[in-house]
**Q** 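Here it is, the structure in full.
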There are 2 protein chains.
Amino acid sequence: MTQHDLDPQTQPATHDRPTDARAEAFQGVREARSRELAEDYVELIAELIHDHGEARPVDIAARLGVKVPTVSKTLDRLAREGLITRAKYRSVFLTDDGRSLAKECRRRHEIVLRFLISLGLDPETAERDAEGIEHHVSERTLALFSAFVSRS
Amino acid sequence: MTQHDLDPQTQPATHDRPTDARAEAFQGVREARSRELAEDYVELIAELIHDHGEARPVDIAARLGVKVPTVSKTLDRLAREGLITRAKYRSVFLTDDGRSLAKECRRRHEIVLRFLISLGLDPETAERDAEGIEHHVSERTLALFSAFVSRS
DNA sequence: ACTGATTGTTAGCAATGTCTAACTTTATGC
DNA sequence: GCATAAAGTTAGACATTGCTAACAATCAGT
């Protein structure tokens, strides 16, 4: 028995399967993290279009609290990923995929927000927390949150 | 009135104050995001030390589902930030700061986890969701979560 | 329609986090 | 105690996300 006989990798591992449930969980979280920004953008773009008829980089930047060039670069990525379309010096539009992602995000956001408020949290803190939490709740948890809101 | 008169920056803004509450919320989330990895590491290191007497990069890597060189580089950052100490080719130790951060993380993790389970979530999903959520809950929300668990 | 203000883009820098490949050190087992 | 296996480090690549500075395009008001 080796000196440091922890669980991982005691057997060779056929190819690359996750070592334990913990690793899977963290990989999930990492995945979520890389999606978060895209979700924030898409959600915000949908909102801007809804409220003001268009989504301009300058407004996106103001709402997110970052500089315009940062937005520009990130929008390039979103376009590459097929979530938005854009033309130079023009405002931004959502693709079908982008729209459906936005809708999905909005739904999650609303459920989390209403849940936190139902729990008794003040609306400002609820908004802040919802912003962070919404990207990390499973469908199962959302269902429970919804149920809680309905029944309260 | 300009064509696109959205709320931001209607007045010049004395120096750099956040444009709206939304921007503040996002900045908070970005802050949280940059802390998340450090928190995950520190929490895991504490756990490894507790369970096995030491925290080795190879075990950290296995638990997080990343490669050892990634861990090595991140540990350098944590050391730079004063959360851990390390000597070449040796395992890792927490500083006082690291220990207290780990404790704090563990506390949040436990509260979130117990809360989700109290709500009726299965333990596996609860664990996954808690992993993502724990970095984004305010103290106020934690208090409500705790209260809910107690009273259920 | 010109001019100046606003908006958007591009280029270039820095930090982070991921990887692989190559190398070094430490540990294990005979 | 030596050879091999396991663990750790370093270097270098790449993507992402932030920034500033410089430049380009569009818009607004006269």
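Residue numbers begin at 1 in each chain, while the letters A, B, ... track the order of the sequences.
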**Q** H52(A) has an atom NE2; how far is it from atom P of dT7(C), in whole Å?
**A**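 Going from NE2 in H52(A) over to P in dT7(C) covers 13 Å.
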**Q** Using the salt bridge (charged side-chain N to carboxylate O under 4.0 Å, His left out) criterion, which residues pair with D76(A)? Sequence neighbours excluded.
**A**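 Salt bridge (charged side-chain N to carboxylate O under 4.0 Å, His left out) check on D76(A) returns R86(A).
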**Q** Quick check against the 3.5 Å criterion: does T74(B) have a side-chain atom that pairs as donor or acceptor with the backbone of T70(B)?
**A**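 Yes; at least one donor-acceptor contact below 3.5 Å.
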**Q** For the pair R107(A) and E134(A), find out whether any cationic side-chain nitrogen is under 4.0 Å from an anionic carboxylate oxygen.
**A**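 Salt bridge: no.
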**Q** Starting from C1' on dA13(D), measure out to NZ on K67(B) and report it in whole angstrom.
**A**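 Checked: the NZ to C1' distance equals 17 Å.
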**Q** Please name all residues satisfying ring pair (Phe, Tyr, Trp, His ring centres under 6.0 Å) with F148(A), sequence neighbours left out, ordered by chain then number.
**A**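 F115(A), F148(B).
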**Q** Picking from dG18(D), dG8(D), dC19(C), which would you name as closest to the side chain of P57(B)?
**A**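 Nearest listed nucleotide: dG8(D).
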**Q** Starting from P on dC19(D), measure out to CG on L64(A) and report it in whole angstrom.
**A**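 Value for this atom pair: 10 Å.
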**Q** Using atom CD of E31(A) as one end and atom C1' of dT18(C) as the other, report the distance to the nearest whole Å.
**A**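 So the two atoms are 13 Å apart, to the nearest Å.
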**Q** For R56(B) and dA5(D), give me the distance from atom CZ to atom C1', rounded to whole Å.
**A**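 In whole Å, dA5(D) C1' lies 13 Å from R56(B) CZ.
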**Q** In residues 75-92 of chain A, which residues come under 4.0 Å of DNA chain D by heavy atom?
**A**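 Under 4.0 Å from DNA chain D: R77(A), R80(A), Y89(A), R90(A).
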**Q** How many whole angstroms separate atom NZ of K73(B) from atom P of dA14(C)?
**A**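 Atom-to-atom, K73(B) to dA14(C), this comes out as 16 Å.
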**Q** From the options dT9(C), dC19(C), dG8(D), select the nucleotide whose nearest atom is closest to the side chain of P69(A).
**A**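 Selected nucleotide: dT9(C).
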**Q** Please list, chain by chain and in numerical order, all residues satisfying side chain to side chain donor-acceptor pair (under 3.5 Å) with H135(A), sequence neighbours excluded.
**A**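 If we apply the side chain to side chain donor-acceptor pair (under 3.5 Å) test to H135(A), skipping adjacent residues, the hits are E39(A), D40(A).
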**Q** For E124(B), give me all partners under side chain to side chain donor-acceptor pair (under 3.5 Å), at least two apart in sequence or on another chain.
**A**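 Testing E124(B) for side chain to side chain donor-acceptor pair (under 3.5 Å), a comparison that skips the adjacent residues, returns none.
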**Q** In residues 36-47 of chain A, what residues come within less than 4.0 Å of DNA chain D, judged by heavy atoms?
**A**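 Contacting residues: L37(A).
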**Q** Please identify each residue that fulfils salt bridge (charged side-chain N to carboxylate O under 4.0 Å, His left out) with R77(B), with sequence neighbours left out.
**A**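 Only E81(B) meet the salt bridge (charged side-chain N to carboxylate O under 4.0 Å, His left out) criterion with R77(B).
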**Q** Could you note down all residue pairs passing salt bridge (charged side-chain N to carboxylate O under 4.0 Å, His left out) where residues 140-152 of chain A supplies at least one of them, sequence neighbours left out?
**A**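 As it turns out, the salt bridge (charged side-chain N to carboxylate O under 4.0 Å, His left out) pairs with a partner in residues 140-152 of chain A, which skip direct neighbours, are R140(A)-D122(B).
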**Q** Do the side-chain N or O atoms of R30(A) get closer than 4.0 angstrom to the phosphate oxygens (OP1, OP2) of dG17(C)?
**A**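 No, R30(A) has no side-chain N/O under 4.0 Å of OP1/OP2 on dG17(C).
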**Q** Going by the rule side chain to side chain donor-acceptor pair (under 3.5 Å), which residues pair with R30(A) if we only count those two or more places apart in sequence or in a different chain?
**A**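 Listed in chain order: nothing, the list is empty.
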**Q** What is the distance, to the nearest angstrom, from the CD atom on Q27(A) to the P atom on dT18(C)?
**A**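 So the two atoms are 10 Å apart, to the nearest Å.
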**Q** Under 4.0 Å: is that the gap between some side-chain N or O of T70(B) and OP1 or OP2 of dC19(C)?
**A**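 T70(B) to dC19(C) OP1/OP2: side-chain N or O found under 4.0 Å.
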**Q** So, does S72(B) get its side chain near the phosphate of dT9(D), meaning an N or O under 4.0 Å from OP1 or OP2?
**A**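 Yes, such a contact exists.
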**Q** Select base, sugar-phosphate, or nothing to describe what V68(A) touches, counting heavy atoms under 4.0 Å on all strands.
**A**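 Result for V68(A) = base.
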**Q** Could you tell me how far apart F26(A) (CZ) and dG17(C) (C1') are, to the nearest whole angstrom?
**A**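 Going from F26(A) (CZ) to dG17(C) (C1'), I get 15 Å.
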